[in-house]
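A short write-up of the structure that comes next.
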2 protein chains.
Amino acid sequence: MTLTSLADLPAPPRPADPVADALLQRLDGAHGEVRGLVRAWLSLPGSAPRRFGDTESHRAQVAAWLAEMAASGATSLGFPEAYGGRGEVGAAVAAFETLAHGDLSLLVKAGVQFGLFGGAVLHLGTEHHHERYLGAIARGELLGGFAMTESGHGSNVQALETTATYEPETDTIVVHTPHDAARKDYIGNAARDGRMAAVFAQLVVGGEERGVHALLVRLRGDDGRPCDGVRIEDCGEKLGLNGVDNGRIWFDHVRVGRDALLDRYAQIRDDGTYFSPIESPARRFFTMLGTLIQGRVSICGASIGATKVALTIAVRHGLTRRQFGPPGADEEAVLLDYRTHQRRLLPALATTYALQFAQHELVARVHRIFTATGDVDRERRELETMAAGLKAVATWHATATIQECRECCGGLGYLAGWRFADLKADTDVFTTFEGDNTVLLQLAAKNLLTDFRDQLGELDPLGTAAFFAGQAMQLAGERTAIRELLGRLADDLLPGRDDDADLRERETQLELMRWRERHVKAGAARRLKGGLDAGRDPFAVLVDCQDHVVAVARAYVDRVVLEAFAEAVARTPAGPDRDLLDRLCDLHALSRIEAERAWFQEHGRLSSTRSKSVIRAVNTLCAELRPDAGRLVDAFAVPAGCLGDAAGTGAAGPTS
Amino acid sequence: MTLTSLADLPAPPRPADPVADALLQRLDGAHGEVRGLVRAWLSLPGSAPRRFGDTESHRAQVAAWLAEMAASGATSLGFPEAYGGRGEVGAAVAAFETLAHGDLSLLVKAGVQFGLFGGAVLHLGTEHHHERYLGAIARGELLGGFAMTESGHGSNVQALETTATYEPETDTIVVHTPHDAARKDYIGNAARDGRMAAVFAQLVVGGEERGVHALLVRLRGDDGRPCDGVRIEDCGEKLGLNGVDNGRIWFDHVRVGRDALLDRYAQIRDDGTYFSPIESPARRFFTMLGTLIQGRVSICGASIGATKVALTIAVRHGLTRRQFGPPGADEEAVLLDYRTHQRRLLPALATTYALQFAQHELVARVHRIFTATGDVDRERRELETMAAGLKAVATWHATATIQECRECCGGLGYLAGWRFADLKADTDVFTTFEGDNTVLLQLAAKNLLTDFRDQLGELDPLGTAAFFAGQAMQLAGERTAIRELLGRLADDLLPGRDDDADLRERETQLELMRWRERHVKAGAARRLKGGLDAGRDPFAVLVDCQDHVVAVARAYVDRVVLEAFAEAVARTPAGPDRDLLDRLCDLHALSRIEAERAWFQEHGRLSSTRSKSVIRAVNTLCAELRPDAGRLVDAFAVPAGCLGDAAGTGAAGPTS
């Protein structure tokens, strides 16, 4: 069947258990309706993800799905009302996140078309681009790519080498690939379907280099053949996402009109001169990039959506599969009755909830900033920091959790039909695209350290100087260390003391996370400043502090995610769903603290006795949450068709 | 070309750099010659791993490779001389390990045929089975499966449900699948090529259940069609290893002769009575399983072989790929100049060396025990412990390292031609087959705790009782804790003290590992004993201590692996290769101690200051080893054809 209107969709699947249903509403957040529509679409037999024998049939199906979604009107959601959309940025991201339960090639192709290509036209172009293209893009009539990455530059995109040279005589811009490493690479929609691309290139006007700008270049004519001067090569088979037609593009002096330049932040005026309200080329480029943050936020959400599928399968399997057990018993024990199995799945489940609530906060910020009218520069930087950090943490969480879930399903999980094959392969690249995770953490840390310096700037000069000389902190730190040590000594000599209790208090958990963030940040700032003050080579100083810098971003993300979860619990009206969320938040918080307990001990913030209590508390929480494991995954409401062959077994239906 | 004799092989590839070549000889250990032969075979253009468009062509190529290997005589290496082999068990495992550089479906299919099926006939059968089958198995003329796993029982194989009932009237055994969950599942060589299988079933003789025994059952006639009563189903597409024809088998009252029973450990005598020299059915079964240890040891080695491929690609890429770098510099910096990148690859590289040396030790033990004539019961249990623990740790190391390497190669690493697609997919199941890793760690721990109890048994009864009451240890523990705490206090008040120095001493590293193993073991024993003494349900006690029990095995493996590496360094004559190995051993040891530093602090064995010193020492070692990173992977001597398309790029050739 082909869907032509959202009104034709059946009701989306919902858990039968009322507590699970209440949890679903919390997880859905502000955009429950649109999430429900996506779930309803994924529940149609024709929309379920499946295995394809060859790349071409996979690509063809993905293209057909994309067309169906566009025809239903669903894909215009995030575009302005003036161009047939609804201007609901947040809803668009939520829809994307839910689509990640299904075929991830469709997800990525939709992201390229509507998020990246459409987003570039929307955010970097001006009215004449919008008038001309946005409607056709939203309806899927004009398919396009986002041609930023080059073979030679994937992360350091400010150093791209494709050139776009303005020629005043002809009033045109010449787009050119100067050498092979400057070819555009891995461009989605390029190998098969795209007709156009937003191409990022070094703009040259009046003989002067102006930095990286984006412009629209036709790739293919209506007959599907590459335009003159455009050479396209298929990237070929990939580890995953083979339904996406990634390609390489070379431009041989391709000429486009001056109006092809996406000119929101820089124009070539009628007299052939260059103008931009932002003077610094670097700042201009990062302003442009900043408007494209939605892609990163979407991948963050998608990794959560994919993780939910894996957890649903593995938890339900763990509730039905029996192996070993009490000698002489009639039945063997179910896997999830083993502590080792609880440990492998339940903290990851708790963190998935936590990331979902952090993602809500992130999406709300995107929506606020992209619909704001006043000056939002500071908020924009905070958004960039949060998006970068959260994307890295959520995608790594997806990789680790999906792997753990596969292993928890043993040989069954290794069957291709059980979805882990695709989930693993398709999400793998999430850790390195839309920004390599390690690079992103450093970007987040750079912002955090800049903010930190700015805050210090507001203090009295003497205090700041003393801080940076390291004296004040050093002293304070030592005093704390001695105090902590004495406390530890007392703790350790009282082995019977039960100090698990206050570890279950939210304020204790939050304070630990906040303290760590402050401490790591101050330490990194001090080290960087110390190295620079000593006159050392700045690059060497950075490399030397690099692990510390990355730790700043991780500590920040831990704090932000826990705060988001804590607030979500606080907002939930009293009831069994709130109680469950509350315990789940404890498990998330304490398993993160457990993972970082070496650091907390090193910095005198957890005594050895309390550190061991954290481990015990995680064990206790796993056992406490074990009876609710089924309803906790039922609340993800992943359509049965998205569970693959696992749906025909123990992982079949709601277990609560 | 088809190889018919090992003499036709070219010389194997060797690194040009003399230090790398010296390291290669250390890594090759006792079986350099056979490893060289495998490398030479893998260097033939026709032997290189490649991508297959469909399952059938992959299976056909794997079957052809297998036949070629068998025709060359290479596959008889591990079989007794009487049957055309060379009786070199250790060499056979080393060959298998090296074969893991290539197509892993070939590896697994060869493992099924020669290791599992051949091994069952060799170790569980007696002379008449050997006479009749071993030659044909070694020559690849009789292909067979190892039919142990059932759908309902993968880990708990003592509870298998297939029955083998002896009928005295006809002097035959009836093999039967009583219900669907008892079908044999995931059996390699079953779906396409196998003619016979070693089938594990509950043997019933004289109306009495005798426990699980193995017997040979024909699956197919010479025409390839399933025999009467045998139903075979293809497992279909899997996450990886699609060149292996895994299948499901149902037996419907299939009748075999009494001589089909592999009767080394139990016989049905001419008078139709059952006899076994081992009285306990459980002990009998585990004795049988024990003889099949080679499969587990081989997978352990194979995971090391596959990890080497991934590290070779990622380290060479990290030495050539440039991104970002000092502002204003002519060139961007190579990735491996970044500390974050060094941190991701170099400790994993060091641990891969460590595991290789531990694997040498493991293989030497296998060889010793399987060629011993006297009583080797105790050594056999130690071997089982080591094989179980090392297999778990080495396969998880492979999964994690291959993933890290993929990410370190960014988008390029995501191209199917770069080998990570296959390396990831094919090695994934290593963590759950030949024993699920979590189950194996518990098996190892059970043995270790049993040994521990036995040792205590040799002490005076009073001392033992006191120990088990927990008093002695408690006291000793507290005294130690107080002493440590005071030491820590002193340490922490002297922040300027450079105590990195002794962390680089091998004795310090070893003592930390040994202390941890002893302490974790004593703690787990005390907890288990305490729970049982308190009259609690044994299964509940076990579940409650399960994470502690698993920690026993991990601490044991850490100690064993470090000792093996330390001994390898000590055995190496003075020279630049020894210096390099020495530093690499430091990096391995300290990165393991770093990973466990939370525990060392919790138990008063590392002060917070020293714990931070460990982190610094790892950073320093990474920087020290950075210039040798290229030669360290060149020493793996992975044939270029096994590096896939990566060989055409920066990961091309030796970098030293």
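Everything numeric here is computed off the predicted structure, so don't read it as measured data. Letters A, B, ... are given to chains in the order of the sequence lines, protein chains preceding strands, and every chain is numbered from 1.
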Give a yes or no answer on whether the side chain of [X] reaches the backbone of [Y] with a donor-acceptor pair at less than 3.5 Å.
X      : Y      : value
A:Y414 : B:F433 : no
B:E237 : A:A416 : no
A:R322 : B:G152 : no

Answer with side chain, backbone, both or neither: which region of A:L241 has an atom nearer than 4.5 Å to a non-hydrogen atom of chain B?
-> both
Which bit of A:T438 comes within less than 4.5 Å of chain B, counting heavy atoms only: side chain, backbone, both or neither?
-> side chain
Which of [options] touches chain A most, by non-hydrogen pairs under 4.5 Å:
options                        : value
B:A540, B:G410, B:G411, B:C545 : B:G411
B:Q342, B:H341, B:K238, B:Q158 : B:K238
B:R343, B:E596, B:Q403, B:Q442 : B:Q403

Show your working on side chain to side chain donor-acceptor pair (under 3.5 Å) between B:Q546 and A:T340 and close with a plain yes or no.
-> CA-CA 6 Å; B:Q546 215 180 6; A:T340 44; 3.2 Å; yes
Select one option (side chain, backbone, both, neither) describing which atoms of [X] are under 4.5 Å from chain A's heavy atoms.
X      : answer
B:E332 : side chain
B:D436 : side chain
B:Y186 : side chain
B:T399 : side chain
B:V429 : both
B:V549 : neither
B:A333 : side chain
B:D544 : both

Parallel, tilted or perpendicular, as decided by the 30° and 60° cut-offs, for the rings of A:Y338 and B:F539 = perpendicular
Most contacts with chain B, counted as non-hydrogen pairs under 4.5 angstrom, among [options]:
options                        : result
A:K612, A:E594, A:R344         : A:K612
A:G417, A:G325, A:A421, A:S155 : A:S155
A:A329, A:G240, A:P538         : A:G240

Derivation of the side chain to side chain donor-acceptor pair (under 3.5 Å) call for A:E407 and B:T432 | CA-CA 6 Å; A:E407 293 180 26; B:T432 54; over 6 Å; no
Can you tell me how far [atom2] of [Y] sits from [atom1] of [X], rounded to the nearest 0.5 angstrom?
X      : Y      : atom1 : atom2 : answer
B:S608 : A:L606 : OG    : CG    : 12.0 Å
A:H548 : B:N619 : NE2   : CG    : 11.5 Å
B:D547 : A:I615 : CG    : CD1   : 8.0 Å

Could you check whether any side-chain heavy atom of [X] comes within less than 4.5 Å of a side-chain heavy atom of [Y], counting everything from C-beta outward?
X      : Y      : answer
B:F324 : A:V439 : yes
B:R597 : A:Q601 : no
B:L239 : A:L415 : no

Begin from the C-alpha positions of A:E602 and B:S611 and carry the test side chain to side chain donor-acceptor pair (under 3.5 Å) through to its verdict.
-> CA-CA 7 Å; A:E602 277 157 3; B:S611 183; 2.4 Å; yes
I would like to know whether B:D337 and A:V543 meet side chain to side chain contact (heavy atoms under 4.5 Å, CB included); could you show each step before the answer?
-> CA-CA 8 Å; B:D337 279 343; A:V543 167; over 6 Å; no
